[in-house]
Each structure stands twice: as structure tokens, then as C-alpha cells.
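Read the structure below first, then the notes.
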There are 2 protein chains.
Amino acid sequence: MDVSHLSLLRELAERGSITAVAEATHRTPSAVSQQLKTMQRELGAPLVERHGRGVRLTSAGNTLAAAAVDVATALSTAQAVWDEFRGSNSGTVDLVLFPSAGQLLLPRLLAKEDLLSGIELRCDDRDVRTEAFAALTADADIVVAHHVFEPPPWTGSRLTAVPLLREPLDIALPEDHPLAAKTTCSPRDVRGERWIGVPEGFPFDHLVKQIGDLAGQPVTVVQRLRDNRIIEALVAAGHGISVLPRYAQAATPGSGVVLRPITGLKAGRRMVALMRPDRAERRAVRQVLRGLTEAAAEITAGDSS
Amino acid sequence: MDVSHLSLLRELAERGSITAVAEATHRTPSAVSQQLKTMQRELGAPLVERHGRGVRLTSAGNTLAAAAVDVATALSTAQAVWDEFRGSNSGTVDLVLFPSAGQLLLPRLLAKEDLLSGIELRCDDRDVRTEAFAALTADADIVVAHHVFEPPPWTGSRLTAVPLLREPLDIALPEDHPLAAKTTCSPRDVRGERWIGVPEGFPFDHLVKQIGDLAGQPVTVVQRLRDNRIIEALVAAGHGISVLPRYAQAATPGSGVVLRPITGLKAGRRMVALMRPDRAERRAVRQVLRGLTEAAAEITAGDSS
DNA sequence: CAACTTTACGACTTACGTAAACATG
DNA sequence: CATGTTTACGTAAGTCGTAAAGTTG
């Protein structure tokens with residue numbers, strides 16, 4: 001039972017093709033194919049089978065791939081024990097965040113220089129549908145994801161998930177909007193409004209629909225955009241109202257947009273750090289993760305809505 | 001972090017010398033020494049240091065060696081998952097028992113041919129001091145050990161210990177001894193008797209001392225022997241009385257020896273299967289272990305003293 | 001000097017890349 | 001025919017054993 005073979009099988013299970021595994025491991029498809037072959041010869045049973053133009057794992061292969069995760073995790077723990085012993089951080093950490101998490105968390109994270117000393121932190125921002133976050137863990141060490149509804153789609157996917165914070169979602173209005181005079185907004189208040197939404201499947205999308213359901217009338221979404229800055233500009237210009245996260249929005253005063261808490265439903269999103277279990281064991285990853293949780297705590301400190 | 005290096009370090013931690021590791025892994029000391037060197041070069045810190053004629057682990061080495069156990073265990077689990085999937089047993093199982101455990105358990109174990117099919121079971125019997133059982137796990141897959149007092153000396157040694165059975169220890173008397181007329185024996189009853197004991201440190205030794213303590217008079221041990229058959233013969237011939245395990249002795253009727261339960265103290269020994277945690281994961285090992293627990297259950301069935 | 005470890009060096013094994021052939025929608 | 005996988009073959013790296021040289025009680 002060879003470890004490099006096991007990790008190969010695991011990568012294949014997660015990435016689905018030999019070519020993808022080869023790219024991820026900086027090798028040629030030829031090398032991967034050969035190793036798979038010797039592995040099957042040693043084990044005495046087929047692990048992959050051809051399927052269309054590519055391959056897929058047999059049930060035997062999937063079974064072994066699951067066990068391979070535990071081996072990789074134990075190995076990562078050993079490395080972490082070693083790094084802990086030496087007090088040194090090993091290598092780089094790839095961190096992926098969705099944009100407003102980056103806006104909120106990154107400045108505070110990067111300020112913790114003592115935590116990050118010796119770590120090369122490579123950040124990337126990605127705005128994807130909720131169910132697409134899990135796949136990002138294949139290449140990134142930490143993926144900061146968010147979800148509005150329970151359970152999040154990565155439950156049961158054998159990923160390590162560390163909760164960071166819950167952020168209230170408010171109704172965003174132009175500051176001259178009649179409703180801006182009120183302190184809160186109910187779904188009924190916003191009946192008939194034109195909405196600036198997000199693409200289907202993005203976290204806030206279903207929440208806007210739910211507001212329509214509670215008001216007894218489907219919402220009218222006139223635009224669908226990802227970037228909150230654009231949404232904010234459209235709302236300020238009176239093209240519609242929207243749902244925006246409270247903390248991220250509070251960071252941009254003078255925008256011409258005001259936020260009003262939604263009554264009648266629990267509107268909030270949760271930010272979570274997602275990791276492959278073996279990567280979660282790395283000392284450097286744990287350091288960055290700790291920085292993220294501390295940053296999150298700083299944001300929620302003094303807010304309790 | 002290379003797995004073969006980790007397992008090497010672990011072996012060194014458990015066996016104490018490069019030569020011993022080389023023998024256990026069927027290599028030359030040269031090869032082991034070279035691998036240790038490259039390992040330290042890769043990790044960037046010394047793991048072993050010279051100590052007298054041999055070597056010993058640094059604290060860094062010991063730390064890593066502990067983590068290596070978990071890696072080995074995860075790997076064994078993966079192998080077990082695979083064997084389970086294929087329904088086949090992989091390779092051989094080395095089983096070491098102390099003599100009366102062999103006498104009691106082995107016939108019943110070997111009768112379970114369905115459990116053992118495909119497994120090459122190599123048995124060995126060893127009669128050692130209680131604290132020496134743990135060391136036998138370095139070479140055997142399963143070590144059936146026994147102990148009279150709590151806690152057993154292998155607690156805290158990171159070994160997997162599976163309890164098998166508790167066997168009462170009785171006073172062994174010649175059948176024509178005056179005390180044989182009674183149904184039980186108290187420590188006071190046997191005051192002044194001559195004893196056939198076991199070598200110092202062997203499981204029953206301390207128990208005999210304790211009987212003397214309770215009677216208020218040190219016991220006189222006239223002979224110290226390991227083999228219960230010899231002790232039995234000496235007791236039958238009137239050279240003294242002794243302590244013998246009930247189930248093992250019940251298997252040899254017509255010996256001229258009778259057993260009487262001891263009153264006034266809990267006299268019993270516990271048989272335990274000891275294993276390195278990684279070996280305990282192997283499917284074949286688990287099969288044999290299951291056979292042992294079943295055999296033990298058969299022995300205690302219908303006895304409740 | 002005996003027990004143990006380390007170094008130098010050559011033989012063997014093995015994983016990889018290149019390049020070409022092989023499948024398949 | 002584009003995408004993805006496999007095979008043939010030469011190369012480079014690494015592990016091991018032999019033999020000899022260090023170390024230490």
C-alpha cells in the first residue's frame with residue numbers, strides 16, 4: 001500500500017480525469033497513467049475503468065480513495081507536529097475568498113504579521129455559486145465561502161468547515177427612498193419594488209425570492225449582478241433596491257445607500273472556512289485560519305443583531 | 001515528509017538501535033544509517049544523536065516518531081479497507097501467547113477455520129514477566145499477555161489492548177492435603193505452608209506475597225518455576241502448595257491436584273491481547289483477534305466465580 | 001578489541017518525460 | 001479531429017549491499 005499511489009487515487013477521485021491530476025501534481029498524464037497501472041497490478045484489482053473519452057473510478061477505487069484521505073491527514077499532522085516543534089511555518093498558503101469576505105477580513109488578517117511571519121500567503125478572490133465553493137478546495141488551502149440557508153451544500157463532502165461569522169443581510173435603499181425613513185423593512189413594505197439581484201444560485205438569490213413569497217407576490221428582478229459595488233451604485237442611482245450584507249456595506253459610507261434590517265425572516269449569511277482535512281492540519285494553514293477567526297471576531301465585536 | 005522515513009524513525013524509537021531496526025526490516029545497518037541521514041537532511045534538524053556506542057533519539061526525533069504511529073495506523077486502515085473490500089485476508093499473522101493461554105485458547109481458535117481461511121497463523125509461546133509482554137509487540141502482531149494487578153504495565157504505552165477474559169486463581173493442593181476437605185481457602189488457612197512459586201516479576205509472584213501479608217506472616221517459597229505442569233507435578237508430589245489458574249488446570253484432570261478458591265482477596269488474572277495500533281487495523285489481525293475473543297467467551301461461558 | 005555506526009562506491013530498481021499510438025464522442 | 005488515455009523507451013534519481021573506516025566502552 002504505497003502512499004504516493006493512494007494520494008494519486010484520491011486526486012483522481014476529486015478531479016475526475018488523469019489529465020487534471022497530472023496538471024495538479026505537475027506531471028505528465030503519461031506518468032499518472034503508469035502509476036495507476038502499477039498500483040492496480042500491485043493490488044490485483046482494477047481501480048479505474050474507461051468511461052467515454054476519460055476514466056472513472058470503480059467502486060473499489062472509490063473505497064480506497066476514501067481511506068487515502070485519512071492517510072494524507074495523518075501525514076499532514078506529522079508535518080504539523082514537526083513544524084510546531086521547530087516553530088517554523090512551512091511554505092505557502094493559498095487562500096481564496098469571495099469579494100466581500102476579502103474586503104472585510106483581508107485587511108485585518110494581513111495586519112497580524114506575527115501570525116503570518118514566514119508564511120507566503122497567496123490570496124485570490126472568487127465569486128461563485130454556493131455549491132461551487134467546495135470544488136475550490138482542490139487547489140486552495142483555505143476557501144472562505146458563504147451560505148444563507150441550511151444546510152450548506154458542502155455538508156457530507158468530507159471537508160473541514162470552520163465557521164467564521166454570521167453577517168446580517170439588510171435591505172439596501174437609495175437614501176431618498178420613502179422607506180429610508182423607517183428603521184426596519186418588512187417583506188410587505190417592499191412589495192412591488194424593482195430589485196437588483198444576483199445570478200441564479202448565488203447566495204442572496206434565494207433570499208430575495210423568499211421575501212417575495214412572504215409578501216405574497218413574486219419579486220421583480222430587473223438586473224442580476226455579482227459585484228456588490230455595482231449593485232450599490234445601481235441602488236444609489238434609483239434603479240432598484242437590493243439585499244446587501246451589513247458589515248461589508250458599513251465600510252463604504254457616503255455611498256448614497258442606506259441599509260434597513262429586514263423583519264419577518266432571519267436574513268443573514270454565514271461565512272465559513274472550507275479546507276481539505278489534510279490541508280487543515282498544516283501548521284501554516286492553521287495559523288492563517290486562526291488569523292481569519294480572530295479577524296471575524298473583531299468584526300462582530302460590539303454588534304448583536 | 002516521507003512515510004518510509006517515518007516508519008524507520010518509529011522502529012528506531014521502539015527498538016533503540018540501528019542494528020536492531022536493520023534486522024527487523026531485513027536490511028543492513030548501512031542502509032538504515034543512510035536513510036536516517038537523508039531524512040535529517042530533508043527535515044533540517046538532527047533526529048538522532050550518538051549515545052555511548054549506539055544512538056538515541058533527540059526530543060525532535062521522539063516527537064516525530066509519535067506522529068509516525070498515526071501515519072502507520074492510517075495506512076494499515078487503508079490496507080484493511082482494501083482487504084475488506086476484496087474479502088481476502090492478506091498474509092500472515094504472528095501470534096504470541098503465554099503457555100496456559102495457548103493451552104486454553106489455541107485449540108478453540110484453530111477450530112474456527114472459517115475465520116482463519118487464507119491466513120497463515122504463526123504461533124509462538126513465551127513465558128515472560130508481566131512488563132516484558134509489551135516489548136513482544138515489536139515483532140508479533142498479537143501478544144496474549146496476562147496480569148494480576150491493576151493497572152497493567154502497558155498502560156500509557158500507546159498499545160492497543162483488547163481484554164479477553166478474567167480467570168480466577170485458586171490455591172492448588174495435593175488431593176490428600178488436609179485443606180482439600182474444605183471448599184475454600186483463606187490466607188490464614190495456608191499460613192506456614194511451603195510454596196511453589198514463580199520467578200520474581202512473573203504475574204502470580206506478587207499475589208503469593210499478598211497472601212502472606214494478609215496472613216500476617218511472609219510466605220516460604222521453596223521453588224520458583226515458570227511451567228504450570230512442573231508446578232502441578234511438584235504440588236501433587238507434596239513438595240508444597242501453589243497458586244494455579246482455574247480454567248487451565250481444569251483441563252488436566254487426574255493430576256493429583258485439587259483447586260480451592262481463595263477467600264479474602266480478589267484472586268484472578270486478566271488475559272489481554274496487545275497489539276501495535278497499526279497492526280491492530282489489519283483485517284487478518286482483526287480476524288484472529290475475533291477468534292480469540294470468541295474462544296475466551298466459550299471458556300467463561302457457564303462460569304461465574 | 002568488540003559492538004555499533006558511518007562513509008565510499010558500484011549495482012540495481014523505479015518513476016518520469018518524450019513521442020507516438022490508441023480510443024471515443 | 002479534438003480530447004483524453006495508453007505504450008515504448010531512454011534518462012535521471014535514489015536505495016541498497018559490500019567493504020572499509022570511524023567511534024566508544
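Sequence lines set the chain letters: A, B, ... in the order given, protein chains first and strands last, and positions in each chain run from 1. Please read all numbers here as calculations on a predicted model, not as lab measurements.
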Checklist entry - Could you go step by step and tell me if B:Thr77 and B:Glu281 meet the side chain to side chain donor-acceptor pair (under 3.5 Å) rule? => result CA-CA 5 Å; B:Thr77 305; B:Glu281 290 297 320; 3.1 Å; yes
Item to check | Side-chain-base donor-acceptor pair under 3.5 Å for B:Ser30 and C:dT5 | outcome: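 Between C:dT5 and B:Ser30, which were checked side chain against base, a qualifying N/O pair under 3.5 Å is absent.
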Checklist entry - Is a donor-acceptor contact shorter than 3.5 angstrom present between the side chain of B:Gln34 and the base of D:dG17? => result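 Per atom types, the contact qualifies.
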Checklist outcome for this item: Within residues 54-61 of chain B, those residues having any heavy atom closer than 4.0 Å to DNA chain C are B:Gly54, B:Val55
Taking only N and O in the side chain of [X], is any of them less than 4.0 Å away from OP1 or OP2 of [N]?
| X | N | result |
| --- | --- | --- |
| B:Thr19 | C:dT5 | yes |
| A:Lys37 | D:dT5 | no |
| A:Thr28 | C:dT18 | no |

Is it the case that more than 12 heavy atoms not belonging to [X] sit under 6.0 Å from its [atom1] atom?
| X | atom1 | value |
| --- | --- | --- |
| A:Glu14 | CD | yes |
| A:Arg226 | CZ | no |
| A:Arg158 | CZ | no |
| A:Arg270 | CZ | no |

Next on the checklist: Measuring from the side chain of A:Ser33 (C-beta onward, heavy atoms only), which nucleotide among D:dG17, C:dC16, D:dT7 has the closest atom?
Outcome noted: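 Selected nucleotide (nearest to the side chain): D:dT7.
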Whole-Å distance separating the [atom1] atom of [X] from the [atom2] atom of [N]:
| X | N | atom1 | atom2 | answer |
| --- | --- | --- | --- | --- |
| B:Leu12 | C:dT5 | CG | C1' | 12 Å |
| A:Leu8 | C:dT14 | CG | C1' | 15 Å |
| A:Asp2 | C:dT13 | CG | P | 18 Å |
| B:Arg41 | C:dT6 | CZ | C1' | 15 Å |
| B:Arg53 | C:dC1 | CZ | C1' | 10 Å |
| A:Met39 | D:dT6 | CE | P | 14 Å |
| A:Arg15 | D:dG4 | CZ | P | 15 Å |
| B:Arg50 | C:dA3 | CZ | P | 16 Å |

Checklist entry - Run the side-chain contact (heavy atoms from CB on, under 4.5 Å) check on B:His146 and B:Leu164 step by step: do they pass? => result CA-CA 10 Å; B:His146 55 163; B:Leu164 294 177; over 6 Å; no
Describe the nucleic acid contact of [X] in one word from base, sugar-phosphate, nothing, applying a heavy-atom distance below 4.0 Å.
| X | answer |
| --- | --- |
| B:His51 | nothing |
| A:Ser17 | sugar-phosphate |
| B:Arg27 | sugar-phosphate |
| A:Gln35 | sugar-phosphate |

Item to check | Steps toward side chain to side chain donor-acceptor pair (under 3.5 Å) verdict (B:Ser100, B:Arg269) | outcome: CA-CA 12 Å; B:Ser100 54; B:Arg269 65 169 172 183; 2.7 Å; yes
Item to check | side chain to side chain donor-acceptor pair (under 3.5 Å) evaluation trace for A:Gln34 with A:Ser30 | outcome: CA-CA 6 Å; A:Gln34 290 176 68; A:Ser30 164; 2.9 Å; yes
